[in-house]
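Just so it is clear: chains get the letters A, B, ... in the order the sequence lines come, proteins before strands, and each one is counted from 1.
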Amino acid sequence: MDTIVSVNNLEKSYQSKKAVAGISFSIQKGEILGLLGPNGAGKSTTINILATVLSPDNGEVQILGYDLIREAKSIKKRIGIVPQDIAIFEEITAEQNVRFFVGLYGFKGSKLNELVQEALDLVGLYDKKDDKPKTFSGGMKRRLNIACAIAHRPKLIIMDEPTVGIDPQSRNHILESIKVLRQRGATIIYSTHYMEEVETISDRIMIMNEGRIIAVGKKEELIQNIRNEITYTFEIDSSNQLDERQISQIVGVTNVQLYGKDLTITSKKSKDTLNGIVSTLLDNGCSFEKMTSKEASLETVFLDLTGRRLRD
Amino acid sequence: MRFLRIAKFDFENILRNPTLLFSNTVMPLILIGLMGFVTQSFFGSGNMSSYDYYGVSMITLSALLIIMTATNAFMEERVKRANIRMIYAPIPKAEIYLSKILSTYILGTLSFSIILMIGQYLFHINYGGGNLPYILLLVNMLVLFGSCFGTMMCCVMGDEEKASSISQLPVLFFSAFGGIFFSVYGLGKTVAAISNLSPVKWILECAFRIIYDNDFALLLPVTFSLFGASIACVIVCQLTFKPEDFTC
């Protein structure tokens, strides 16, 4: 299998803060790599470095066989970036948007026409090609945002939260489009806050936290590592009296999170641990109306590794 | 070819912004009419009417205000967001800011040239008669400087709002000390000396000498100074423009 992205000991700091702290990873041809991490994990910095917009402080990056520093222009020609913000002109038609942006890659004439039609087709906006994006829904704008990024048929596509704030129908359309792009031979880096999207489309998942890669592998492999864990969620009615530290000290408990009335506890699967949790809650004057339990999932993997929920 | 396509697109973007279009086409005419009308009694019956004076000074002010058009064309929120794709595309970073300078300059130069001709031939404002091309040259050099200066401020600040706010200070300084609204000679020797720092003063002085005295002594020094300052702004753009500012 060809290596499309090879990153070795990549570092980037802003003033004294290390945004990316010596990460190494590789991505193979045709792979969809899901990039997960809480805010400030270093995902966007990593993406901007791979997009050749930011220069790394240290480390080696090769994309499609080209060196990131010395051959940035060759890389730019062959990659497509879907930025988190919707980067389109609202006052010109959908077709004019795609035409202008793909024109920046040197295409013209019939080839340009073909690429514009193909991109609009892929995202399901060809019949809206003459409409201005200011009349579009949020989901349609997101789809146009993708069309503008992939029209030049990039070999590597980097998507930074491409589905933020859109309706389920548009989300499904985008996820299906991504699968089609992969079938056409593209390699994709997909950064998102939506766990279910990563579970649906990614071949491998990379979790970042505080500038480091804390886990990378297939979904099943990541879950395997914590298969003996279980997550309990209690709906409690007197959170003000609860001392989370007491619960953290119970043998077997690995993580405690309190959001309003929802108390989420990750622990080893053990009867004693569950009994300890319940009695501690009752001793603290917390009665609970509801309790659910969940076997290990990607969400619990993330919580276990970062100590935070993905959308924190 | 690609550069010209980007510049053309940027030019069309400015035309799609009604505020920018208004401030560079109709606004100068309104300013000339308003100031000329309000102050006509101060000018008596000499050979320079209030419309003649403000015809030159308001065009100069409007040309200087092209700085604001340049900052908007480069980093106004909606444009900036879409322009991020130029950062990702395989084009040199110089093409990104040079296209904004060129598009702003073309708009200003077309617009102010037409206004000057309308002023002279339709409203009979004295722009020097046969010397009009020299006045056009002066104004166009100021437009070039304003386009470069506004773009430079964006490169240095990395943000349209900051660039526009800070750019207003030199515009205010140059205008006030350049004698746009009133003559600064009555305010004492110190103020008169300070006013020599204002390019607006050079242009007004140069323009009035050309129009009323047929004196071209200042034309070359002023145009070369403005051209040199424009080149200096472009150099600063190249040194300070950070594409990553677009990604923030």
May I ask you to name which of A149(A), C148(A), A51(A), S74(A) has the most heavy-atom pairs under 4.5 Å with chain B?
C148(A)
Sort A72(A) into side chain, backbone, both or neither according to what part of it lies under 4.5 angstrom from a heavy atom of chain B.
neither
Closest-packed option against chain A by number of heavy-atom pairs under 4.5 Å, given K93(B), R16(B), E12(B):
R16(B)
From the list D10(B), T151(B), T69(B), N13(B), side-chain hydrogen bond (donor to acceptor under 3.5 Å, both in side chains) partner of K100(B) resolves to D10(B)
Checking heavy atoms, do the side chain of I86(A), its backbone, both or neither come under 4.5 Å from chain B?
backbone
State whether F11(B) and K8(B) meet the cation-pi test: NZ (Lys) or CZ (Arg) under 6.0 Å from the six-membered ring centroid, and within 45° of the perpendicular axis.
no
Is chain B contacted by the side chain of N145(A), its backbone, both, or neither, given a heavy-atom distance below 4.5 Å?
both
Can you tell me how far the NE2 atom of H173(A) sits from the CG atom of L125(A), to the nearest 0.5 Å?
7.5 Å
Answer yes if the ring centres of F149(B) and F174(B) are under 6.0 angstrom apart, and no otherwise.
no
Is it true that R153(A) and E114(A) make a salt bridge, defined as a side-chain N closer than 4.0 Å to a carboxylate O?
yes
Under 4.5 Å from any heavy atom of chain B - which part of F101(A):
side chain
